[in-house]
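Here is the structure we will look at, set down as C-alpha cells.
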Amino acid sequence: MDHKAFNSDIFPFKDKMFRFAKRIVRNEEDATDIVQESFLRIWKNKQKLNTVENKEAWCMRITKNIALDKLKSGHVKHIQPYPDHFDVSTSLKESPEDIAEKKDLTGSMRKIISMLPENYQQVIHLRDIEGYSYKEISDIMEVDMSNVKIYLFRARKEIRDQLTKLVNYGL
Amino acid sequence: MDFKKLDDLLEKYWEGETDLGQESALRRYLQHPDLPEKFKKEALLFKYYEEERKSRFENESMEDILLEKDLVEKRIIKYPATLKSIRSYSFLKMAAVISLIAVSTILIVNHFDREIKPTAMVTDTFDNPEKAYEETKKALLLLSSKFGKGRKQVEKISIFSESQEKVQGKKNN
C-alpha cells in the first residue's frame, strides 16, 4: 500500500479515531498524539491491512489500545471535561442565549456519560455517536458480542435514569 | 408525524433492541420542530451526540503527520545545549540528594555516640589498690547518705500513719 492508497483508504478514519481517543483520555492534545501514533503504527504494519477483515475496526482497535496504554502509564496530561466544542459557522447564527443553553446542555450530558464505567462509555460512544454495529464494536473493544449488548443496555439505562433526574428535578 | 411510533421506537431503544436503521430514524424524528415535551430528554441526548460528531482531527494527510513528527525530531537535534543543561541539572540534583543523605548520616552517628559515652569518665583504679579502696569508700558513703535520706522519709510516713490510726481509733470509740 502506497501513500496515496493509505491516504484514500485509511486516513478518512481519522476523525472517528480522534473522537474515540478523546473519549478515553478526555483531552484533545493527548488524543491528537494518540491518533498520530496510531497512524504511524498502522503505516509500519500496513502489510497486515490486506489480511484484515474490517480495516476501520482494526484502526479503531489500535487507537483504543494506544489510548488505554497511555492512560495506564500515567502519560496523560490531565483528565478533565472536554473543552466545549462549537462550530463557528453554527455559533454565528445562534443567539448568546442559544449558545449558553447549548453549553450547559453539553456539559450536563458530558458529565452523565463520563460518570459511566469505562466499558459503558466506550460502547455508547461507538454505537450512539459513531453508529457501529455490534460486531464492529465487539472487534474494536475485543469483547464478546453478548457483552457489548449487556454494556449497551446497562449504559442506556443509567443514562435514562440520570436524564430523567436532570429534566424533572434539574439534578 | 406519528408520535406513537416514536414512543415505541424509543422504548425499544432504551431496552437496547433497536437496529442501526431504527436508531438513524430516531435521530431524524427527534429533530422534529413540533416535538412534544415528553420527548425532551431524548431530544437533548441526541442533540449532544450530534454535537460530539462534529469534532475533527486537524491533520489532513499522512504526510502532515510525518512532517509534524519530523519537525519534532529536528527541534530536538537543533537544541542539544538544552538537553545537556537538562542532564547536568539532573546530575546536580542527584549530587545534592547524596550530600544531604551523607550529612544526615554523620549527624545521626555523632548524636548516638554522644549519648552512649558517659559525661565524666572515671579513671581506672585496677593497678592501685589504695586508690580503689578510696573510690569504693566514697561510693558507699554516697549510697549510705542517700539511703539515710530515704529512711528519714519513711520514718515521717510511719509517724503520720500512727497518728492517723490514733485519730481513727478515737472516732471509732
Side-chain angles (χ1 to χ4, degrees), chain A residues 3-4 6-7 10-11 13-19 21-23 28 31-32 35-37 39-40 42-43 82 84-87 90 102 105-110 112-113 124-125 127-134 148-157 159-160 162-168, chain B residues 3 6-31 33 35-76:
Chain A
H3 268 89
K4 209 175 167 184
F6 193 85
N7 276 335
I10 307 300
F11 214 71
F13 308 143
K14 69 185 175 77
D15 294 331
K16 287 185 177 179
M17 288 162 68
F18 176 65
R19 289 192 290 264
K22 201 171 82 170
R23 168 73 52 198
E28 292 200 355
T32 303
V35 176
Q36 288 179 341
E37 206 179 320
F39 275 124
L40 289 173
I42 296 163
W43 175 253
Y82 313 114
D84 287 316
H85 170 83
F86 286 112
D87 186 347
T90 323
K102 198 159 129 186
L105 154 82
T106 310
S108 303
M109 294 298 160
R110 203 165 270 162
I112 288 173
I113 293 175
I124 281 289
H125 180 90
R127 180 72 181 194
D128 287 347
I129 295 175
E130 305 298 357
Y132 284 113
S133 68
Y134 292 134
V148 170
K149 288 178 185 175
I150 292 167
Y151 293 162
L152 188 66
F153 169 74
R154 288 181 184 166
R156 282 181 180 167
K157 188 180 178 301
I159 291 171
R160 188 184 199 181
Q162 294 302 323
L163 264 175
T164 307
K165 282 183 194 168
L166 180 76
V167 172
N168 295 346
Chain B
F3 290 119
L6 175 58
D7 216 2
D8 294 342
L9 213 50
L10 277 173
E11 218 32 66
K12 279 181 78 177
Y13 168 79
W14 289 122
E15 291 301 316
E17 291 167 359
T18 41
D19 59 31
L20 285 171
Q22 289 169 322
E23 284 162 25
S24 174
L26 266 177
R27 259 177 241 133
R28 284 197 310 276
Y29 292 153
L30 289 166
Q31 285 173 357
L35 200 69
E37 187 67 18
K38 66 179 279 198
F39 299 116
K40 191 184 170 186
K41 64 175 185 292
E42 286 86 358
L44 288 174
L45 183 66
F46 278 71
K47 201 172 170 185
Y48 164 71
Y49 290 156
E50 199 60 47
E51 283 297 313
E52 287 294 288
R53 270 190 288 276
K54 287 179 184 169
S55 189
R56 298 277 179 268
F57 180 63
E58 58 190 18
N59 294 134
E60 288 302 322
S61 67
M62 191 59 199
E63 284 75 14
D64 278 356
I65 292 176
L66 293 171
L67 193 67
E68 200 165 305
K69 289 283 170 192
D70 191 32
L71 282 175
V72 169
E73 293 301 318
K74 274 180 188 165
R75 223 173 283 152
I76 292 166

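Residue numbers start from 1 in every chain, and the chains themselves are labelled A, B, ... in the order their sequence lines are given, proteins ahead of strands.
Contacts of A:F39 with chain B are made by both backbone and side-chain atoms, with heavy-atom separations under 4.5 Å. Only the side chain of A:I113 comes within contact range of chain B, judged by heavy atoms closer than 4.5 Å. Only the side chain of A:Y134 comes within less than 4.5 Å of a heavy atom of chain B; its backbone N, CA, C and O stay farther away. Using a 4.5 Å cut-off between heavy atoms, A:I10 makes no contact with chain B at all. When heavy atoms are compared at a cutoff of 4.5 Å, A:K149 does not approach chain B at all. With a 4.5 angstrom heavy-atom cutoff, B:E15 touches chain A via backbone and side-chain atoms both. At a 4.5 Å heavy-atom cutoff, B:F46 makes no contact with chain A through either its backbone or its side chain.
Interatomic distance, OH of B:Y49 versus CE of A:M109, reported as 8.5 Å (0.5 Å rounding). Atom CG in B:L45 sits 7.5 Å away from atom CD1 in A:I124 (nearest 0.5 Å).
Under 4.0 Å is where a charged nitrogen must lie from a carboxylate oxygen, and between B:E11 and A:R160 at least one such pair does.
Contacts with chain B were tallied for A:F6, A:F18, A:Y132; A:F18 has the most, counting heavy-atom pairs under 4.5 Å. Per-residue counts of heavy-atom pairs under 4.5 Å with chain A were compared for B:E50, B:E63, B:R27, B:K40; the largest is that of B:E63.
Considering A:R19, A:K16, A:K22, A:R23 as possible partners of B:S55, the one that fulfils the side-chain hydrogen bond (donor to acceptor under 3.5 Å, both in side chains) test is A:K22.
Of the possible donor and acceptor atoms, none in the side chain of B:K41 sits under 3.5 Å from a partner among the backbone N and O of A:L163. Looking only at distances, no side-chain donor or acceptor of B:R53 sits under 3.5 Å from a matching main-chain atom of A:E130. A donor-acceptor pair under 3.5 Å is formed between the side chain of A:D15 and the backbone N or O of B:F57.
Side-chain atoms of B:Y48 and A:D128 form no donor-acceptor pair, as typed in the model, at a separation below 3.5 Å.
In this structure, A:F153 and B:W14 approach most closely via the heavy-atom pair CD1-O, 4.0 Å. When all heavy atoms of A:Q36 and B:N59 are compared, the pair lying nearest together is NE2-OD1, 2.9 Å. Across all non-hydrogen atoms, the minimal contact from B:E58 to A:T32 is OE2-CG2, 3.7 Å.
With contacts defined as side-chain heavy-atom distances shorter than 4.5 Å, the pair B:Y13/A:R156 qualifies.
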